[in-house]
Number of protein chains: 2
Amino acid sequence: MAPTRTSKPDKAAIICQALRRAIIEQALKPGTKLPEDALGERFGASRTIARHALGQLAAEGLVELRRNRIAVVATPSWQEARDTFDIRIELERLVVRQLAGQLDAGQIARLRAHVDAEEGARGGPDTVSIRLATEFHILLAEMTESPILIRYVSEISYRCCLILATFSRPHSSDCAISEHRALIDALEAGRVDEVMNLMHHHLEAVADRALVAPAKPRGRDIMDILAPYAEPAPVAPAGQPRVRAIMR
Amino acid sequence: MAPTRTSKPDKAAIICQALRRAIIEQALKPGTKLPEDALGERFGASRTIARHALGQLAAEGLVELRRNRIAVVATPSWQEARDTFDIRIELERLVVRQLAGQLDAGQIARLRAHVDAEEGARGGPDTVSIRLATEFHILLAEMTESPILIRYVSEISYRCCLILATFSRPHSSDCAISEHRALIDALEAGRVDEVMNLMHHHLEAVADRALVAPAKPRGRDIMDILAPYAEPAPVAPAGQPRVRAIMR
DNA sequence: GGCATTCTGATTGCATGCAATTTGAACATG
DNA sequence: CATGTTCAAATTGCATGCAATCAGAATGCC
């Protein structure tokens, strides 16, 4: 009778969820190896399942998968980071465009409650603040009830989490909280243009606060450091890195 | 020695590619069942591989996957279709923003050649025209050399193919060709604002030409027709379908 | 010491097998 | 005839096994 009892959720989905959280909370740092055996054993599942989960995570861009090689947590390049934020800005502008003036009292309350939770976590570790801030944005996306928007915003937000974890110095996410509050106010008031601009500048600010250009290219991988030297040897003054990051 | 010989590409990847093409060319229509056994056998692979491929395609939104049920080619709803195009517009505006004035002669030539190919296919079946037009946009995205942009634009473009296949009446994609040419010209001239606007209106036009609102809700699935009646019974005047599709 | 080579354990790619679930058709019932 | 029930075939969920490949330590050579 009661089909309310949703069939037990995929084992693979559980592993995905766990890995996602671990990655965005930086428990698993970029580059960390993720062997299928180990994962399966850890979650009481077989390699087949772990493999499937890794495939999904790879499709989300959270892990890198190369044939015959152990999967690793993705290590976004700095340029990818910038591009990712550019995309995120446009996606989230769409979100607030749809939501402005359309939220009922309950939804507004839920948003405010979430921001309060963010405030409550201010003392704690950075990774938790980052996760909560990210979840605020996902919460917004979910209110559009647009499956595609929800999927894309969630995915790219998680990716941004990974990016922040990778590149940001110990930063204060305090400002984010007040910016979130401003967003809610503008949403409630239904001022479309204002809320789109607020979102735009909020995300730009997050990116700028966190994404310090790596002067010394972030130790980790030797090949990355050597990459520029693999080029045939630039003729023009070496600095100009192929335009990108347009107007800003 | 010569590692040029790239290690043989995943069997799963091959199946993915094949299914993608079949779906976007409407050889596999929305709703078509995709049993793991049959797929595996058809491609000389085991069920495990077929399953993996289906998982990837599901992550791309081309197939729908429900637990313990046969996978089917995705059937986008009309609302999803609209949302998808909204997202696509913003993504592709980013693409041309990055490319305007940055393409070398060879790249411009390649683009023009592609449009010529589109023109050459004008007499043929709609599905081929649609595929070629889609590939033009993906070609553009690839020129950004931004992995994330490439992935997102490719994915959403394929989805739009599926959508067009689902909703469009027998339409003439002739106008698309001249619009593509205009895009190339503006890109070459490096007029950023103009090319962004061109892309915006081009995609809007594609959507409008193809996405006729389904007055009679497209026969197919009875449950879809009944869906609105499952709501607890609206208090406000029943028509207003939750805003969406803002300014247009 | 520096550098190429060999070899072995670790790890993935894939197929197969079994239990659980769904599908839908035959059958029973009012 | 419409509706509910039963049951077998079809199909998925998952684990396991084997061959192919990789990683990196040990080895040999200069």
Side-chain angles (χ1 to χ4, degrees), chain A residues 1-19 28-59 62-75 220-224 226, chain B residues 1-19 28 30-59 62-75 220-223 226:
Chain A
M1 275 295 131
T4 316
R5 244 285 175 259
T6 73
S7 50
K8 53 183 174 185
D10 261 276
K11 276 187 170 185
I14 293 175
I15 298 183
C16 270
Q17 194 61 32
L19 284 185
L28 296 173
K29 297 194 179 62
T32 306
K33 291 186 200 174
L34 303 169
E36 298 173 358
D37 292 351
L39 278 182
E41 193 170 359
R42 175 64 189 77
F43 286 93
S46 86
R47 224 158 49 76
T48 308
I49 305 306
R51 184 185 185 72
H52 193 74
L54 287 174
Q56 296 301 305
L57 259 4
L62 290 183
V63 318
E64 281 163 15
L65 224 46
R66 284 178 324 178
R67 189 181 172 84
N68 280 324
R69 293 222 167 33
I70 303 179
V72 297
V73 176
T75 66
R220 284 223 153 272
D221 198 308
I222 298 184
M223 298 319 292
D224 287 349
L226 291 182
Chain B
M1 276 293 134
T4 316
R5 246 280 177 265
T6 74
S7 50
K8 52 182 172 187
D10 260 274
K11 276 186 172 186
I14 292 174
I15 298 183
C16 270
Q17 194 61 33
L19 283 185
L28 296 173
T32 305
K33 291 187 198 173
L34 303 169
E36 297 174 358
D37 290 347
L39 278 183
E41 193 171 356
R42 174 66 188 75
F43 287 93
S46 86
R47 225 159 48 74
T48 309
I49 304 306
R51 185 186 185 71
H52 192 74
L54 287 173
Q56 296 301 305
L57 258 4
L62 290 184
V63 317
E64 280 162 16
L65 226 46
R66 286 178 324 178
R67 188 182 174 83
N68 280 323
R69 292 219 169 36
I70 303 181
V72 297
V73 177
T75 67
R220 285 224 153 271
D221 199 308
I222 299 183
M223 298 319 292
L226 290 181

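Just so it is clear: chains get the letters A, B, ... in the order the sequence lines come, proteins before strands, and each one is counted from 1.
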OP1, OP2 of C:dT21 versus side-chain N and O of B:R69: anything below 4.0 Å?
no
Expressed as a whole number of angstroms, how long is the span from A:E41:CD to D:dC14:C1'?
17 Å
Tell me which nucleotide among D:dT16, C:dT16, C:dT12 gets nearest to the side chain of A:P35.
C:dT12
Calculate, to the nearest 0.5 Å, the distance between atoms NZ and OG1 belonging to A:K29 and A:T75 respectively.
14.5 Å
Just to confirm, is there a sub-4.0 Å distance from OP1 or OP2 of C:dA15 to any side-chain nitrogen or oxygen of B:K11?
yes
Any side-chain heavy atom of B:L57 within less than 4.5 Å of one from B:L34?
no
Single hit among B:L62, B:I14, B:L54 for side chain to side chain contact (heavy atoms under 4.5 Å, CB included) with B:L19:
B:L54
Can you check the B:R47 CZ to D:dA10 P distance for me, whole Å?
14 Å
With a 4.5 Å cut-off on side-chain heavy atoms, are A:E41 and A:R47 touching?
no
Between P on C:dT12 and CG on A:L39, what's the gap in Å once rounded to a whole number?
9 Å
Between D:dC14 (P) and B:H52 (NE2): distance, integer Å
15 Å
So which one's nearest nucleotide on DNA chain D is more toward 5', B:I70 or B:T48?
B:I70
Send over the distance from A:I15 CD1 to D:dA15 P, rounded to a whole Å.
9 Å
Given DNA chain D, 5'-ward residue of the pair A:G44 and B:A71, judged by closest heavy atom:
B:A71
If I take atom CD1 in residue A:I49 and atom C1' in nucleotide D:dG13, what distance separates them, rounded to the nearest angstrom?
7 Å
Could you state the atom-to-atom distance from CZ of B:R66 to C1' of C:dT23 in whole Å?
12 Å
Check whether any side-chain N or O of B:R67 sits under 4.0 Å from OP1 or OP2 of D:dC14, and answer yes or no.
yes
Please report, rounded to the nearest Å, how far the C1' atom of C:dT21 is from the CG atom of B:N68.
5 Å
Hey, does A:A12 reach any base, or is it just sugar-phosphate, or nothing, if we go heavy atoms under 4.0 Å?
nothing
How long is the straight-line distance from CG of A:L39 back to CZ of A:R51, given to the nearest 0.5 Å?
12.5 Å
